[in-house]
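The structure appears right after this line, and notes come after that.
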Protein chains: 2
Amino acid sequence: MASQFPLETRYWYLRDHQLFRHLNSAELRQICLITNFKTAKKSEIIYFAHDEQNRVYLLKKGIIKIVELDEDGTETVKDVLQKGDLFGQLTLDDTEMEEYAIALSDYVTCCSFLIEDFEEVIRQHPSLAIKFTKLIGMRFRRLENRYSNLMFKDVRTRLLLFLEDWAEKEGTVENNAIMLKNYLTHQDMAGLVCSTRQTVSQLFNEFKQHGLIDYNRSSIIIPDLKRLKSLVN
Amino acid sequence: MASQFPLETRYWYLRDHQLFRHLNSAELRQICLITNFKTAKKSEIIYFAHDEQNRVYLLKKGIIKIVELDEDGTETVKDVLQKGDLFGQLTLDDTEMEEYAIALSDYVTCCSFLIEDFEEVIRQHPSLAIKFTKLIGMRFRRLENRYSNLMFKDVRTRLLLFLEDWAEKEGTVENNAIMLKNYLTHQDMAGLVCSTRQTVSQLFNEFKQHGLIDYNRSSIIIPDLKRLKSLVN
DNA sequence: AGCCAAATGTCAGGAAGCCGACATTCGGGG
DNA sequence: CCCCGAATGTCGGCTTCCTGACATTTGGCT
């Protein structure tokens, strides 16, 4: 795996991340030595928690989904991550996790550290410590937000908020409408907003009938994001 | 406020927290200088987010509840915190929060830092950075856990899990049963497990009828914790 | 081109738990 | 000790959304 990447490439990959951007080249090369690189193509598994409970991951390129395994074998999409996001043992402890990550975009690259190594890096670069803490903090707030949505909003609203969020993050403008390249099934979205496949399917049709969105398996089009937002109660 | 506490007392309070325990006395005295101390008696507000979006708090003594304010004025108990727990702007950013904290035990003491000051402390004590990160991490996992409960378990199960958790954290053994000093109303508990006052009230009665618990306004008794646990599906 | 598994559409129960309404009980402050 | 507001008990209706079941469509693969 690692040998696919010449040192120079690894170096630039690291440097590209906001965590490491401020370090000088000697420091970066040092960190390079303890970094593991990995790639995957669409639909391939790039990370399986059960085998590597002791690594932190950084997504360098592409989009992945994190799928959680229930005790009884049920799989639920827990999160969709993008360039720059952290995953794996991001709390730097020994939490048991049953989850894996699958590439959603054509090419995915990520790097990882043993948590002991990563702690050492933090110890030696306090500024990095603060950046890391703030990244975890952002994740914390995002989860808080999802929790509060689940508590106070109905499924329709949660789904609308999800679309809104997605549109703002990845939407491209195409003749006056917002276009989303869709790499998620209704089942996936159901997991993300805490609902069921059938309900998501029904709501999508309802939204389509009302002209809120247009969609097929490969894309979602939002003609008027403002109108969509206004329906969020 | 601050003047209530002689320097020596403040020093020992700080030293008592796991974040600072490993620091030497010179370092601690330095940190003391930027620390703000506050106390409150039962039912008093000890923290109001709106006024102090830029401070991190450490609960030193006592028990508090964090109450979240909705846009429309609804109040929901979001968390119950104990000695050693963090609150306030714990992500060290500028997240808008509408919440406040109320003392649940007779005497509560907490200390706080401006986030800029706290960042500086972290910068100068990398080992503290790691401890802090891990504390946030624990909070993250706790929230993840609550989220997943809300997603997969029904109200009855969530309430049982809540009681189980509470018993293990604060329960005292009293002639072969577990006794909990109760400082929460059904309304409070409803907030914590994401349900309503009425449902919690009904379930409590049901549990009582089945001999699972006995309770009144001031205490909850669990004769057989194992049996209670076994009902969590 | 054609096949098959996966994804989507659709519908009719049914259950969980919210909501409003009201009665009852408790406990702290005057 | 009494009183009042807060906390708790209880109930029925109602809504939301899950569940299971089945039909239909789609797109990748051979």
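Quick note on labels: first sequence line is chain A, next is B, and so on, each numbered from 1.
Two rings, from A:Tyr47 and A:Tyr100, have their centers 6.0 Å or more apart.
Using modelled atom types and a 3.5 Å distance limit, the side chains of A:Tyr57 and A:Glu52 yield a donor-acceptor pair.
Atoms CZ (A:Phe207) and P (C:dT8) sit 16 Å apart, rounded to a whole Å. Put simply, OH on B:Tyr183 is 19 Å from P on C:dG27, counting in whole angstrom units. Per the geometry, CZ belonging to A:Phe204 stands 15 Å off P belonging to C:dA7, to the nearest Å. Rounded to a whole Å, the CG atom of B:Asn205 is 14 Å from the C1' atom of C:dA23. Here the P atom of nucleotide C:dT8 and the CG atom of A:Leu203 are 14 Å apart, to the nearest Å. Following rounding to the nearest Å, A:Ile220 (CD1) and C:dA7 (C1') show an atom-to-atom distance of 14 Å. Atom CD of B:Gln187 is separated from atom C1' of D:dG5 by 15 Å (rounded to the nearest Å). Taking atom CD of residue A:Glu206 and atom C1' of nucleotide C:dG9, one finds them 14 Å apart after rounding to whole Å.
B:Ser201 comes within 4.0 angstrom of a base, heavy atoms only.
Minimum interatomic distance between A:Ile115 and A:Asp93 (heavy atoms only, all atoms of both residues): CD1-O, 3.6 Å.
Between the CG atom of B:Asp16 and the SG atom of B:Cys111 there is a distance of 10.5 Å, given to the nearest 0.5 Å. Between B:Lys78 atom NZ and B:Leu69 atom CG the span is 10.0 Å, to the nearest 0.5 Å.
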- Query: Could you walk me through whether A:Tyr183 and A:Trp166 pass the ring pair (Phe, Tyr, Trp, His ring centres under 6.0 Å) check?
  - Reply: CA-CA 12 Å; A:Tyr183 40 74; A:Trp166 194 2; 5.6 Å; yes

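Here B:Asp188 pairs with B:Lys65 in a salt bridge; the nearest charged N to carboxylate O distance falls below 4.0 Å. Between A:Arg158 and A:Asp154 there is no salt bridge, since no side-chain N of the basic residue sits under 4.0 Å from a carboxylate O of the acidic one.
OP1 or OP2 of C:dG9 lies within a sub-4.0 Å distance of a side-chain N or O belonging to A:Tyr215. Residue A:His186 has no polar side-chain atom (N or O) positioned under 4.0 Å from OP1 or OP2 of C:dA6.
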- Which nucleotides of nucleotides 20-30 of chain D have their base under 4.0 Å from a protein heavy atom (B), which only their sugar-phosphate (S), and which neither (-), written as one string 5' to 3'? BB---BB----

- Per-nucleotide protein contact string for nucleotides 12-18 of chain C, where B marks a base within reach and S marks sugar-phosphate only (heavy atoms under 4.0 Å, - for neither): -----SS

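For the pair A:Ile63/A:Val108, no side-chain contact is recorded, criterion being any heavy-atom separation below 4.5 Å from C-beta on.
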